[in-house]
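We count residues from 1, following the sequence as given.
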Amino acid sequence: MKVKTILVSQPEPKVENSPYYEIQHKLKVKVDFRPFIHVEGVSAKDVRAQKIDLNNYTAIILTSKNSIDHFFRVAEEMRFKVPETMKYFCQSEAIAFYLQKYVVYRKRKIYVGQKDFADLAPLIKKYKDEKFLLPASEQLNDDMPQVLNSLKVDWTPGTFYRTMMSDLSDLKDVYYDVLAFFSPTGIKSLFKNFPDFQQNNTRIAVFGSTTQKEALEHGLRVDIMAPAPGTPSMTMALEKYIQEANKAK
């Protein structure tokens with residue numbers, strides 16, 4: 001079955017040189033974007049209800065741009081002036097770079113991991129006497145508590161934002177050859193919106209093992225998987241699959 005249309009369950013990229021646009025032009029396929037999930041901030045009142053007082057922490061662990069935006073939003077709502085002595089532990093360079101939107105970049109207070117959460121462990125271990133706050137969504141990845149508990153540090157998880165399923169009712173009669181998913185919640189959103197979804201000839205592309213697991217648990221056939229050997233990104237996996245599918249007679 002040839003591929004002519006793809007729906008990517010994420011917002012449209014803001015950069016002109018996105019690999020998705022390259023796929024569109026190079027392979028002559030139509031790529032649409034539609035977020036299946038969205039993020040909603042938790043109010044300062046609800047954060048307080050979690051017994052979180054920002055005065056009690058000396059270090060913040062930041063795992064995404066959302067965690068940065070919502071930590072500073074809540075701090076502002078609480079009229080909490082973030083002290084200059086605050087230490088920031090960022091999961092990656094990209095997250096540390098984004099942090100500059102809110103703080104004057106002083107290297108001595110910003111500690112940066114390579115990519116995965118576990119990469120932060122040696123840095124956190126060095127400062128194990130700090131009181132750590134982990135602002136995140138209601139769904140913490142399993143590795144986060146495991147890593148922090150193994151280090152025996154004083155840390156508190158806080159739900160500063162929630163991942164919500166978007167309303168997709170306008171897509172009811174729209175069909176795509178490929179649906180691309182990036183999180184378990186994206187798969188859940190598909191079935192919340194369309195409980196009777198039948199895969200038939202639709203190819204399902206997933207990024208990450210937790211997304212794959214969710215797809216399989218919902219009885220879906222996973223046709224395209226990333227990361228995989230030779231295709232570390234979703235766009236590379238899609239390109240490889242489409243080239244092979246569209247070559248076949």
Q: For a side chain to side chain donor-acceptor pair (under 3.5 Å) check, start with the C-alpha distance between Gln91 and Thr63, then their side-chain angles and the critical distance, and finish with the verdict.
A: CA-CA 5 Å; Gln91 188 168 322; Thr63 56; 4.7 Å; no
Q: For Phe132, which of Tyr88, Tyr57, Phe89, Tyr111 qualifies under ring pair (Phe, Tyr, Trp, His ring centres under 6.0 Å)?
A: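 Option passing the ring pair (Phe, Tyr, Trp, His ring centres under 6.0 Å) with Phe132: Phe89.
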Q: Return yes when atom CD of Glu76 has more than 12 non-hydrogen atoms of other residues, nucleotides or ligands closer than 6.0 Å, and no otherwise.
A: no
Q: Please determine if Asp177 and Lys2 form a salt bridge, counting it only when a charged side-chain N lies under 4.0 Å from a carboxylate O.
A: no
Q: What are the two closest heavy atoms between Ser64 and Tyr161, and how far apart are they?
A: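 Looking at all heavy atoms of both residues, the closest pair is OG-OH, 3.3 Å.
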Q: Taking the inter-plane angle between the rings of Phe191 and His218 on a 0 to 90° scale, is it parallel (under 30°), tilted (30 to 60°) or perpendicular (over 60°)?
A: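 Ring orientation of Phe191 relative to His218: parallel.
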Q: Quick check: closest heavy atoms across Leu140 and Pro157, and the distance to 0.1 Å?
A: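 Looking at all heavy atoms of both residues, the closest pair is CD1-CB, 4.0 Å.
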Q: Salt-bridge test for Asp154 and Lys131: reply yes if a basic N is under 4.0 Å from a carboxylate O, no otherwise.
A: yes
Q: Under 6.0 Å between ring centres: does that hold for Phe36 and Phe182?
A: no
Q: So, Phe160 versus His70, ring centres under 6.0 angstrom or not?
A: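 No: the rings miss the under 6.0 Å criterion.
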Q: Any chance you could lay out the side chain to side chain donor-acceptor pair (under 3.5 Å) test for Thr163 and Gln139, step after step, and finish with the verdict?
A: CA-CA 8 Å; Thr163 309; Gln139 296 176 317; 4.5 Å; no
Q: For Ile52 and Gly158, which heavy atoms make the closest approach, and how far apart are they?
A: CD1-CA, 3.5 Å
Q: Strictly below 4.0 Å, N to O, side chains only: are Arg48 and Asp46 in salt-bridge contact?
A: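 Between Asp46 and Arg48 there is no salt bridge, as every charged N stays at least 4.0 Å from the carboxylate O atoms.
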Q: Give me each pair satisfying salt bridge (Lys or Arg N to Asp or Glu O under 4.0 Å) with a member in residues 220-241, each pair once, sequence neighbours excluded.
A: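 As it turns out, the salt bridge (Lys or Arg N to Asp or Glu O under 4.0 Å) pairs with a partner in residues 220-241, which skip direct neighbours, are Lys26-Glu239, Arg221-Asp223.
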Q: Can you tell me if Phe80 has over 12 outside heavy atoms packed within less than 6.0 Å of its CZ?
A: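 More than 12 within 6.0 Å, yes.
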Q: What's the verdict on salt bridge (Lys or Arg N to Asp or Glu O under 4.0 Å) for Lys192 and Asp167, showing C-alpha distance, side-chain angles and the deciding distance?
A: CA-CA 9 Å; Lys192 185 183 179 226; Asp167 177 5; over 6 Å; no
Q: Do Val178 and Val222 share a hydrophobic cluster, counting only Ile, Leu, Val, Met, Phe, Trp and Tyr and linking them when any side-chain heavy atoms are less than 4.5 Å apart?
A: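 Different clusters: Val178 never reaches Val222 through Ile, Leu, Val, Met, Phe, Trp or Tyr contacts under 4.5 Å.
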